S.K.: 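Dropping the structure in here first, questions after.
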Amino acid sequence: MNLANYVSGEWKSGGGAGEALVDPVSGEELARVSSQGIDVKQALEFARAEGGPALCALSFRGRVELLAKIGETLAANRDEYFRISLLNQGANQADASFDVDGAIYTMKYYAKIGQALAEGKMLKEGAQVSLSKTGVFVGQHFLVPAKGAAVFINAFNFPAWGFCEKAAPALLSGVPIVIKPASPTAWLAHKMGEDIVKANILPRGAISILCGSARDLLEHTGESDVVSFTGSAETAMRIRSHTNVLRRSVRVNVEADSINSVILGPDVSPGTDLFELLVKEVVREMTLKAGQKCTAIRRVFVPRQNLKALGDAIATRLSSMKTGNPRNAEVKVGPVVNKAQQAACLEGLRRLKRECTVVFGGDENFQPLDADPVKSAFVQPTLLACENGVDASFVHDVEVFGPAATLIAYDSTEEMIALVRRGLGSLVASIFANDPAFLKTVVLGIGDLHGRLMVVDSSVGTQYTGHGNVVPSCLHGGPGRAGGGEELAGLRALLLYHRRFVVQGPPSVTGALAERSADAGSLYS
Ligand code: NAP
């Protein structure tokens with residue numbers, strides 16, 4: 001099966017052998033993708049010329065209806081997305097739900113909150129400011145949708161959610177979308193895009209799907225386009241430093257990799273409810289989607305006196321979870337996406353082992369349940385421990401994108417804060433503690449280097465959303481190594497797809513424009 005590209009309003013197959021998508025359990029080929037011979041320049045021009053104006057002819061209300069229809073269409077095809085997730089990612093029900101249901105929920109969420117923007121087509125920001133003595137000359141800020149295309153270059157681990165969390169705010173803004181899913185798992189994003197196209201929901205040019213290599217895509221982006229990238233820091237650097245992107249100041253949003261942390265407070269003793277909650281959370285982060293989540297916990301900071309107790313508690317839980325073929329009902333942990341990712345994980349673990357001891361797992365030759373270890377791509381869940389985080393370097397730097405985490409002992413709050421900061425900017429850190437003074441010190445000590453801090457004390461109990469759970473109402477992104485991007489946060493996400501300008505002139509002109517605009521204040525409410 002060849003996954004055709006959808007560009008300039010038509011399905012077109014790429015040339016050449018393309019790249020194979022495989023079943024990570026059997027190693028069998030499932031499909032091929034290729035963008036060879038596809039006129040990417042024309043595809044972008046078509047999106048800008050046809051898709052953008054058609055979307056912008058609608059009000060926010062009109063576009064909200066499109067999102068609602070997309071949400072319904074995706075929900076109706078959910079079973080097929082789960083089937084593809086199982087085949088192409090080895091995803092069990094929980095793994096697939098995180099991606100697929102997360103995607104559908106996000107699309108429906110934007111269809112709901114977008115209603116606050118009513119009938120306007122642009123946004124008026126703030127009040128009119130007087131610029132003359134008699135008030136005949138004023139300034140008014142506006143936000144207008146970019147007249148270019150929103151180009152999404154996505155990572156392999158969230159083919160469904162990565163698509164929808166970007167598509168919903170872009171379409172709501174009135175900007176046509178060009179999706180370039182990661183090749184190893186492009187099938188799911190392709191199928192969702194195909195379902196949306198078949199349902200005839202969007203105007204011509206409002207959606208394009210490019211499968212396979214991005215090739216010369218960036219070469220043809222321009223000042224009105226937005227490139228929203230999710231993936232590794234290394235690829236992010238190549239995208240940011242692309243000559244055309246630099247020359248034309250193409251707006252780029254980056255969500256990159258991240259060495260996320262969880263912190264156990266010194267006041268939390270082994271065996272308490274809060275201690276057990278952290279144990280469960282670490283195990284969930286290590287095993288859900290086989291640890292292939294950008295937000296997954298990689299470093300677990302623990303007071304030195306509780307290092308052993310925490311290691312034992314996590315290892316006990318991990319030992320009860322079977323890793324192998326997700327078609328076997330006993331299995332709780334699936335494979336990583338392919339042999340290349342498996343090799344990258346094993347190499348990363350080898351580096352970490354140079355400065356850590358193995359608490360659980362770490363066997364490169366382990367036997368997955370119901371799967372051939374030679375053909376499949378499994379990594380045994382592995383918990384490591386680092387006694388000397390100060391002199392260690394790999395634990396703060398190497399992202400093993402699989403079922404792995406490292407315990408790091410700390411002796412003082414100040415030392416722990418300094419060590420967390422050595423992640424150089426992360427998507428999320430969680431703190432499990434009851435002591436308000438400790439919580440305040442840690443939040444203020446690491447907040448500037450994180451996009452999200454999740455604080456859990458005994459009053460929260462089990463009612464938290466989850467360390468790795470990105471909710472559309474809250475910010476997703478992080479500074480520094482995490483890419484410096486910002487996504488979601490409710491309607492604030494629309495800012496990426498809008499341009500701000502100020503009109504200075506007579507109030508009759510600014511007032512008339514303001515009357516046709518929705519209030520940008522609703523982005524922040
Ligand atoms: P990747 O190798 O960086 O690839 C990401 C995307 O970039 C793919 O679509 C890839 O296409 C494309 N790409 C590669 N080289 C390119 C180039 N020169 N120009 C334009 N596009 C290019 O990342 P991945 O392996 O798919 O994903 C895993 C990484 O993503 C992990 O490090 C993870 O932490 C990170 N991630 C971050 C977030 C977040 O929100 N911060 C979310 C998910 C994942 P091909 O697949 O065709 O090569």
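Only a predicted model underlies this, so the values are computations on that prediction, with no experimental measurement involved. In each ligand, atom 1 is the first atom listed, and ligand 1 is the first ligand listed.
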S.K.: State, without any angle test, whether His396 and Arg299 hold a side-chain donor-acceptor pair at a distance under 3.5 Å.
M.R.: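 Judged by distance alone, the side chains do pair up.
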S.K.: Identify all N/O pairs between ligand 1 and the protein with a separation under 3.5 Å and present them as a table of atom names and distances.
M.R.:
from     : atom 1 : to     : atom 2 : distance (Å)
ligand 1 : 3 (O)  : Ser232 : N      : 2.9
ligand 1 : 3 (O)  : Ser232 : OG     : 2.6
ligand 1 : 3 (O)  : Thr235 : OG1    : 2.6
ligand 1 : 9 (O)  : Asn154 : O      : 2.7
ligand 1 : 9 (O)  : Lys180 : NZ     : 3.2
ligand 1 : 11 (O) : Lys180 : NZ     : 2.8
ligand 1 : 23 (O) : Ser232 : N      : 3.4
ligand 1 : 26 (O) : Phe156 : N      : 3.1
ligand 1 : 30 (O) : Gly231 : O      : 3.4
ligand 1 : 32 (O) : Glu399 : OE1    : 2.8
ligand 1 : 34 (O) : Glu399 : OE2    : 2.6
ligand 1 : 40 (O) : His476 : NE2    : 2.8
ligand 1 : 41 (N) : Ala256 : N      : 3.4
ligand 1 : 41 (N) : Ala256 : O      : 2.9
ligand 1 : 46 (O) : Ser183 : N      : 2.9
ligand 1 : 47 (O) : Lys180 : NZ     : 2.9
ligand 1 : 47 (O) : Ser183 : OG     : 2.6

S.K.: Could you tell me whether Lys353 atom NZ has more than 12 heavy atoms of other residues or ligands within 6.0 Å of it?
M.R.: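 Enclosed.
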S.K.: Would you say the ring centroid of Phe432 lies under 6.0 angstrom from that of Phe301?
M.R.: no
S.K.: Hey, does the Lys NZ or Arg CZ of Lys166 hover above the aromatic six-ring of Tyr497, less than 6.0 Å from the centre and inside 45° of the axis?
M.R.: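 Pair Lys166/Tyr497 does not count as cation-pi.
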S.K.: Does NZ or CZ of Lys293 come closer than 6.0 Å to the centre of the six-membered ring of Phe98, within 45° of the ring's axis?
M.R.: yes
S.K.: If you measure from the Lys or Arg side-chain nitrogens to the Asp or Glu carboxylate oxygens, is any gap between Asp101 and Lys108 under 4.0 Å?
M.R.: no
